[in-house]
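Have a look at this one.
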Amino acid sequence: MQLVRLSLKVNGQPVEAEVEARTTLADFLREQLGLTGTKLGCEHGVCGSCTVLVDGAAARSCLLLAAQVDGCEITTIEGLTSNGTLHPVQQAFWEAHGLQCGFCTPGMVLTAVALLNEHPAPSESEIREALSGNLCRCTGYQNIIRAVQLVVEKQQRAG
Amino acid sequence: MTLHILPRGKWVGARVKRVEDPRFLTGEAKYLADLQSPGTVHAAFVRSPYAHARISRIDTTEARALPGVLAIYTAEDLSNLPPLASGLPIEGLKPTPQTVLAKEKVRFVGEAVAVVIAENRYLAEDAAELVQVDYEPLPAVTNAERAMAPDAPILHEDLASNVVYQKVTTLGDVEGAFAQANHIFRRRFHTNRFVASPMETRGCLSVYERASGQLTFYSSTQMPHMLRLFLSLFLGIPEHKVRVISPEVGGAFGQKMTIYPEQVIVAYLGKLLGRPVKWVEDRRENLAAATHAKEQIIELEAAVRSDGKVLGLKARLIGDGGAYSFNTASALIEPLAGAGIIPGVYDIQAYQHEVIAVCTNKSPVGAYRAVGWTAPQTARELFFDEIARQLGLDPAEFRRRNVIRSYQFPYTTITGMVYDSGSYQESLERALEIVGYEELRRRQAELREQGRLLGIGISLYVEPTAWGSESALQAGFPFPSHDNATVTIDPTGKVRVGVSVHSLRQGHETTLAQVAAEILGVSIDDVIVEHGDTDRVPWGMGTYASRSAVIGGGMVALAAQEVREKVLKVASRLLEVAPEDLTIENGTVFAKGAPDRSLSLSQVAFAAYLDARVRAEGEEPLLSATKFYNPKSTYSNGCIVTICEVDRETGLVQLEKVIAVEDCGTMLNPMIVEGQVMGAIAQGIGGALYEAMLYDENGQLLTDTFLTHALPRASEIPEIVIEHLETPSPVTIGGIKGIGEGGLLATPASVAGAVLDAIWPAGQAIEELPLTPERVLTALSEASVS
Amino acid sequence: MKPPPFAYEQAGSLAHTLNLLAQHGSEARPLAGGQSLLPMLALRLARPTILVDIGRLDELSGVNRSNGELVLGATVRQRQVAQNPEIVQVLPLLVAATRLIGHPAIRNWGTIGGSLAHADPAAEYPAVMVALDATFVAQGPKGEHEISARDFFLGPFTTALEDTELLTRIRIPRPRPGTGWGIEEVARRHGDFALAGAVVVLERSVEGTCRRVAIAVIGANARPVRAMEAEQALAGQPLTAPVLREAAALAVKAIDDPLSDVHGSATYRQRLVPVVVQRALQAATERAALA
């Protein structure tokens with residue numbers, strides 16, 4: 001068994017670690033760092049529950065080896081809240097009833113954050129397309145899309 | 001018992017944001033896979049690659065030698081664990097016990113044959129691959145009708161047949177109805193087998209303390225107390241030494257009702273090994289080995305008068321139960337529940353049904369949202385559409401001529417369901433109004449002229465809810481079904497509600513808090529709802545069958561009402577005002593009409609606990625009450641209309657809009673009702689167009705990953721418009737009816753109906769669902785659609 | 001569903017990579033973005049003993065323009081393909097094709113070379129390269145050599161690359177000004193692999209006739225193929241709807257190894273071929289007219 005040394009930043013904190021070569025980023029975050037907010041729904045890259053941000057862009061942490069992100073900056077759902085204040089996307093999911101069982105929620109929220117970072121005012125079809133890599137089995141998606149729209153509306157109102 | 005103790009008010013009926021959400025939004029919520037217990041070892045199952053085979057030899061030598069592997073068990077090692085068997089007293093159902101690991105024979109791809117325990121899941125999977133199992137393949141049967149043939153391979157040799165249940169029931173004058181009819185129509189449908197696919201798979205963690213003999217079993221389950229009972233019986237651990245904790249549940253939809261072999265094994269091995277044992281199912285296991293659902297072969301025959309009145313129905317329902325009919329009479333739940341709901345919202349006076357349950361070499365069937373009802377609703381509604389068209393009637397008009405009218409409530413159906421109240425015709429008319437039905441039909445005709453295929457599907461439904469004992473009996477399942485709540489006001493005036501209806505994160509922590517807050521006159525911020533831990537909440541059945549709002553709401557209302565009376569009694573002594581002249585609002589107890597004569601709830605509670613002077617002889621100091629509720633049956637209803645367009649060159653279906661008019665009586669929280677409706681509709685769209693568990697003729701599962709098994713995504717679900725009608729139930733506390741399942745009960749019929757409408761008359765040749773583009777295009781090419 | 005054990009090497013240079021591939025042969029797999037390889041590892045369908053991570057090799061990550069062609073390094077990520085100003089300007093077809101690949105999170109890590117070397121018959125890039133007459137540069141122990149896109153794909157997940165070779169660059173001729181393009185797919189869900197698709201690159205004469213056309217088929221065949229008979233039928237013809245329709249009908253003849261799976265039978269896929277080809281031809285004709 002080969003161990004790989006890693007040095008990266010997770011939620012703003014520097015992390016030095018050793019992982020078995022085959023460890024996925026998702027398992028590294030969950031099992032080694034205890035960041036269990038990242039969920040595993042399929043482990044073969046379809047459901048999107050494990051989505052995290054790598055250097056600001058959405059990535060499926062089950063489709064990356066931890067070894068591949070050496071030197072990168074990772075943001076997980078745990079890193080989105082600052083000083084106990086919900087991120088505007090988290091807040092909007094709450095207000096729009098954009099979650100039920102919550103299992104897809106971390107991945108959905110981070111995917112939405114990545115979308116809005118690149119496109120601050122997406123259309124409904126752009127939102128649907130951006131979220132189409134994330135499965136949700138509870139909500140029927142409508143309130144999730146509504147949540148993203150709510151963020152946009154609030155930001156536009158705030159000018 | 002007064003049904004009026006739960007009025008609509010500040011909380012009940014309000015769109016209250018969910019109190020449970022922040023922990024999910026921040027990633028703090030802990031699901032089964034997230035739990036860590038020191039010293040945990042991990043399980044992986046060796047599963048059968050064959051649909052039907054004899055096991056001639058299992059060699060674990062190589063696997064055992066792998067560093068990090070603790071142990072490997074086969075059926076032989078676990079022979080002291082009793083097999084799983086149906087516990088339901090249903091006459092005529094043959095038992096097909098399932099050993100926790102396959103013994104001598106495997107009967108479906110994915111059946112567990114051995115279990116590996118290793119230091120982590122990676123190693124456990126490595127070792128599972130090294131377990132050598134020699135199989136002698138046997139012919140497999142994957143179609144229920146073929147399985148009924150005399151020469152079919154037999155799954156359970158001791159039964160000498162794959163048919164585990166067969167019964168004909170005749171209700172009313174069926175012969176007369178068919179003799180009088182102007183037209184007799186026949187139709188056959190084979191509905192698709194699809195699965196709940198909760199985003200969180202199954203899983204469990206067994207922690208056993210040898211010194212005390214205490215087993216703590218964490219499991220993603222819908223029924224913590226039932227699981228505790230079964231584990232106690234299976235493992236021989238006294239029930240008071242078993243604690244079941246269901247942490248956050250990442251969706252269940254019925255799939256997590258069943259007591260599974262894996263749970264029994266993991267619980268047992270935790271005890272045997274003296275180390276915590278954890279199993280987190282992977283997606284491939286979930287698709288292959290967690291219960292499947294909804295596959296039925298339904299043949300319908302209708303006796304119809306020339307004015308469109310349906311005089312009588314005959315139905316033959318064959319349930320493809322998969323390999324075992326285990327602890328929920330599983331092979332039978334689909335066709336038996338299905339038979340009862342064939343008449344649905346329609347006034348049918350003569351009905352004959354034949355219910356058949358068959359074993360095949362596929363994964364066993366279990367509960368999935370709208371258990372048993374999706375297939376018959378789909379079959380009947382599609383059938384009625386075709387009858388209407390053949391009679392030259394609009395499908396909406398045909399329904400209008402047969403639907404049960406509001407003046408007929410309470411209405412006892414020919415199958416013995418007592419529909420308490422509803423808005424069957426009203427929901428149809430409202431849905432048609434919202435879509436602008438007549439205009440839409442005109443648009444459809446215009447587009448047809450241009451060669452474009454627009455379709456409109458209507459699904460009018462009644463949904464049995466409030467699954468208490470009476471509801472269960474009316475649906476054909478004679479088992480007691482009640483639940484309990486404990487409501488307590490602590491000395492500081494904060495409210496604790498413990499419920500046995502476990503939240504699968506539909507929002508119970510909010511809706512049931514709304515009920516308690518309404519009655520106790522406090523803010524929901526001062527209420528906490530606890531559930532999912534057998535040591536912390538009273539005994540009960542758990543959450544399934546759209547029962548938590550009705551039963552949970554009712555039992556919390558009853559317990560809160562009793563606590564309120566206790567509070568008022570104490571306050572009455574402190575304020576020297578008669579209890580009936582007191583009320584509670586915003587956490588303050590005061591005299592009606594003299595709000596200055598008041599005490600805070602915390603002052604009253606503090607006195608109740610710590611000041612003996614406020615208590616009369618024989619009164620209890622605790623402001624607490626435990627109440628059970630076992631409601632009469634109540635039925636929700638609604639109408640789902642779908643508009644779609646079919647691409648005649650590719651067979652692809654584009655959904656334009658889904659309109660749902662629903663009536664679940666009094667709504668505790670409309671926002672949560674809408675969430676339930678939209679989620680169920682999305683699953684119904686999946687069932688109509690995308691999802692099917694497909695087996696080849698050898699019984700190989702072709703859809704065992706999310707690459708091959710297609711669930712709808714944000715890009716496939718169209719705009720969903722919801723409108724509420726509220727006809728409070730006259731038979732339940734607060735007039736509440738359930739809401740969890742109607743969307744999945746009725747949407748496949750609505751969506752498939754829209755597609756078949758778009759391609760009419762080509763769709764007459766389609767028997768099988770889902771309506772994949774290939775099926776649609778094939779039908780289109782075989783018929784002329786102008 | 002965990003990957004089997006393997007060793008991991010971060011490649012420091014192209015030479016280092018080639019050494020490792022030479023040393024381990026078929027036991028080694030290059031890891032670019034991993035978006036196709038990781039699922040196969042998780043499902044234990046691939047069992048390399050060593051992964052050579054080429055994701056950080058600067059030598060393979062550039063987009064360059066030279067002598068009338070665009071040269072893309074093999075590890076250019078799909079996200080970069082869609083955003084690169086040069087590609088957006090010169091090869092909008094490639095941008096459109098990229099948007100049809102999976103979902104944003106996949107495209108953020110998936111690479112162009114990874115997709116090509118993976119050779120999924122239902123993937124977009126292979127057919128686009130076949131339509132564009134791209135040339136692939138492979139490097140191995142014996143040095144560098146070129147393989148035309150049309151010779152590269154041998155079957156599902158099978159290419160002309162040797163185990164010891166690495167796809168390093170993709171050379172795409174710049175389409176002539178006025179070239180129109182179209183890409184059409186039928187998939188069960190957005191982002192899914194296509195049941196059938198077509199890529200068309202088309203040059204139109206001033207008279208409105210077809211000067212040159214390339215048609216490649218996605219998904220219906222075990223490898224991307226050019227629809228030669230359809231192409232020939234169009235040569236020199238006026239680009240009217242009936243002509244396009246007739247030519248599209250011939251595209252089925254290119255299918256020599258029909259694909260069939262749980263999402264769609266071979267029969268169905270072949271029925272879709274004329275439909276997608278016709279639609280892609282229509283789109284290409286319209287774009288060519290605008291150019």
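Here is the naming used below: chain letters follow the sequence lines, and residue numbers restart at 1 for every chain.
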Report task. Classify the side-chain pair Glu153(A)/Gln149(A) by whether it contains a donor and acceptor separated by less than 3.5 Å. Result ->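 Absent: no donor and acceptor within the cut-off.
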**Report entry** Top contributor to chain C interface from His44(A), Gln68(A), Arg60(A) [non-hydrogen pairs under 4.5 Å]
**Finding:**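 Option with the greatest count: Gln68(A).
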Report task. Against chain A, label Leu41(C) side chain, backbone, both or neither, depending on which of its atoms sit under 4.5 Å from a heavy atom there. Result ->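 For Leu41(C), neither part sits under 4.5 Å from chain A.
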Query raised in the report: Between Thr76(A) and Glu78(A), does any side-chain donor sit less than 3.5 Å from a side-chain acceptor?
Result: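 Checked: Thr76(A)/Glu78(A) side chains pair up, N/O donor to acceptor below 3.5 Å.
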**Report entry** Option in Thr111(A), Thr24(A), Asp70(A) with maximal non-hydrogen atom pairs under 4.5 Å from chain C
**Finding:**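 Among the listed options, the one with the most contacts to chain C is Asp70(A).
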Query raised in the report: Going by the angle between their ring planes, with limits at 30° and 60°, are His103(C) and His190(C) parallel, tilted or perpendicular?
Result: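 Ring orientation of His103(C) relative to His190(C): tilted.
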Query raised in the report: Under a 4.0 Å N-O cut-off, is there an ion pair linking Lys2(C) with Glu43(A)?
Result: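 Glu43(A) and Lys2(C): salt-bridged.
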Query raised in the report: Picking from Ser132(A), Ala59(A), Cys42(A), which has the most non-hydrogen pairs under 4.5 angstrom with chain C?
Result: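 Greatest number of close heavy-atom pairs with chain C: Ser132(A).
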Query raised in the report: Looking at Val69(A), Leu131(A), Leu40(A), which makes the most heavy-atom pairs under 4.5 Å with chain C?
Result: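 When all of Val69(A), Leu131(A), Leu40(A) are compared, Val69(A) has the most.
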Query raised in the report: How about Tyr268(C) and Ser260(C): does a side-chain donor come under 3.5 Å of a side-chain acceptor?
Result: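 Absent: no donor and acceptor within the cut-off.
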Requested in this report: Using distance alone, with no hydrogens and no angle criterion, decide if Ser36(C) and Asp120(C) have a side-chain donor and acceptor under 3.5 Å apart.
Outcome: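 No pair is found: no donor N or O on one side chain lies under 3.5 Å from an acceptor on the other.
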Query raised in the report: If you count heavy-atom pairs under 4.5 Å with chain C, which of Ala57(A), Ala67(A), Gly48(A), Gly45(A) comes out on top?
Result: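 Highest number of pairs under 4.5 Å: Ala67(A).
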**Report entry** Max heavy-atom pair count under 4.5 Å with chain A, selected residue of Gln10(C), Arg99(C), Arg189(C), Arg79(C)
**Finding:**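 The option with the most such pairs is Arg79(C).
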Query raised in the report: Contact part of Leu37(C) toward chain A, heavy-atom cut-off under 4.5 Å: side chain, backbone, both or neither?
Result: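 For Leu37(C), neither part sits under 4.5 Å from chain A.
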